[in-house]
Asks: 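Dropping a structure here in structure tokens format, bear with me for questions.
A, B, ... follow the sequence lines: proteins, then strands. Residue 1 opens every chain.
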Protein chains: 2
Amino acid sequence: MSPTRKTAAPPSSPDLWEFLPLTEVAANGSLWIEHQGQRFFGPGPVQLLELIDETGSINQAAKKMDMSYKKAWGIVNNLNATALRPMVITATGGQKGGGSTISAEAKALIIYYRELRARFNQFLETETIRIRK
Amino acid sequence: MSPTRKTAAPPSSPDLWEFLPLTEVAANGSLWIEHQGQRFFGPGPVQLLELIDETGSINQAAKKMDMSYKKAWGIVNNLNATALRPMVITATGGQKGGGSTISAEAKALIIYYRELRARFNQFLETETIRIRK
DNA sequence: TACCGTTATATTTTAGAATATATAACGAAA
DNA sequence: TTTCGTTATATATTCTAAAATATAACGGTA
């Protein structure tokens, strides 16, 4: 059996939600990983890294996200500056002008984040069901 | 004994976090309540409602939050427009120029949100401990 | 009636973020 | 050596969200 969490939601008071259409109410949230209290890894970097992995280029990844190259580069730079080893390996020059790949650690972190988010979704679903009684 | 949650975090791969100083890494997030997919209630409204309750005035509450009255009024207006019954009862005129109070439902919602956030904090703590192994 | 501080609303101004634009450097291949 | 598309970086411009400012209305009280 899977381990369980200690935290549990007590029933909310019966009339708490009367003043809102219950089926339209849901708990939701955002989730990220911090380093030294600074946001380090979240949904934005996840998507960007995936697209870099897919396209082999920061440039093309940014375009697919409708994001300026500068902003994308900033995200990459922050990731690489924070991690002890670069998460995105960039190259300039060459017949294709260069390109970028993501490290194995970056791939593992993406998977980890996905699993973490899935557990968070489970949490949210439980809370939402409880709200709707 | 308190009820338990079904979701559980599997151990993360042993070398996933090697490339970051472990004690500096933490899971964190933001949490809110949606109505029809729109953010309805979160940390901002919570603090504002508390200060309105405390000061009896949207104006003074906004000042204590270093927030413009316009923005504070927008939050109040959104809350009142979404809920079937107003969460903030406003009055104009009178010897003190008017003022605002919050409904019992608003107070109950604040308490509910606090408890929800506490459970979320528990979730985050568990995940953070697991990251740090 | 005059006064008060608030709610309510519109308009103007400011500040910051995002984008757009420009340019240099890079290096493999033809 | 020239060509290519990319990385890397700086600067300029545009957009947008926030704040600042202004003003009317309100209604108890003196």
Asks: Using heavy atoms and a sub-4.0 Å distance, could you list which residues of residues 34-54 of chain B are near DNA chain D? By number, please.
Replies: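 Of all residues in residues 34-54 of chain B, none places a heavy atom under 4.0 Å from DNA chain D.
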Asks: Please classify the nucleic acid contact of K71(B) as base, sugar-phosphate, or nothing, using heavy-atom distances under 4.0 Å.
Replies: sugar-phosphate
Asks: Both T92(A) and Q95(B) contact DNA chain C. Taking the nearest nucleotide for each, which residue is further toward the 5' end?
Replies: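 The answer here is Q95(B).
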Asks: Looking only at heavy atoms, what is the nearest atom pair of I102(A) and I89(A), with distance?
Replies: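 So the two residues come closest at C-CD1, 4.3 Å.
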Asks: In Å, rounded to the nearest 0.5 Å, how long is the span from CD of E34(A) to CG of L124(B)?
Replies: 9.0 Å
Asks: What is the ring orientation for F120(A) with F120(B), classed by angle as parallel under 30°, tilted 30 to 60°, or perpendicular over 60°?
Replies: parallel
Asks: At a heavy-atom distance below 4.0 Å, which nucleotide of DNA chain D is the first touched by chain A, and which is the last?
Replies: dC4(D) to dT11(D)
Asks: Between K96(A) and D66(B), just flag the one whose closest nucleotide in DNA chain D comes earlier from the 5' side.
Replies: K96(A)
Asks: In whole angstrom, what separates Y69(A)'s OH from dA17(C)'s P?
Replies: 21 Å
Asks: For atom CZ of R132(A), decide whether the heavy atoms of other residues, nucleotides or ligands shown that lie under 6.0 angstrom number more than 12.
Replies: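 More than 12 within 6.0 Å, yes.
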Asks: When the nearest nucleotide of DNA chain C is assigned to G97(A) and to A91(B) on a heavy-atom basis, which residue is associated with the more 5' position?
Replies: A91(B)
Asks: Is the Y113(A)-W32(A) ring centre distance short of 6.0 angstrom?
Replies: no
Asks: In whole angstrom, give the distance that lies between atom CE of M65(A) and atom P of dT19(C).
Replies: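 Distance, rounded to whole Å: 10 Å.
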Asks: Say you draw a straight line from CD1 of I33(B) to CG of L116(B); how long is it, rounded to the nearest 0.5 Å?
Replies: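 One finds 6.0 Å between CD1 of I33(B) and CG of L116(B).
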Asks: Looking at the side chain of K70(B), which of dT11(C), dT9(C), dT19(C) is the nearest nucleotide?
Replies: dT11(C)
Asks: Picking from D53(B), V46(B), I52(B), what satisfies side-chain contact (heavy atoms from CB on, under 4.5 Å) with E50(B)?
Replies: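 Single side-chain contact (heavy atoms from CB on, under 4.5 Å) partner of E50(B) among D53(B), V46(B), I52(B): V46(B).
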Asks: Do you know which two heavy atoms are closest between L51(B) and M65(B), and how far apart they sit?
Replies: CD1-CG, 3.2 Å
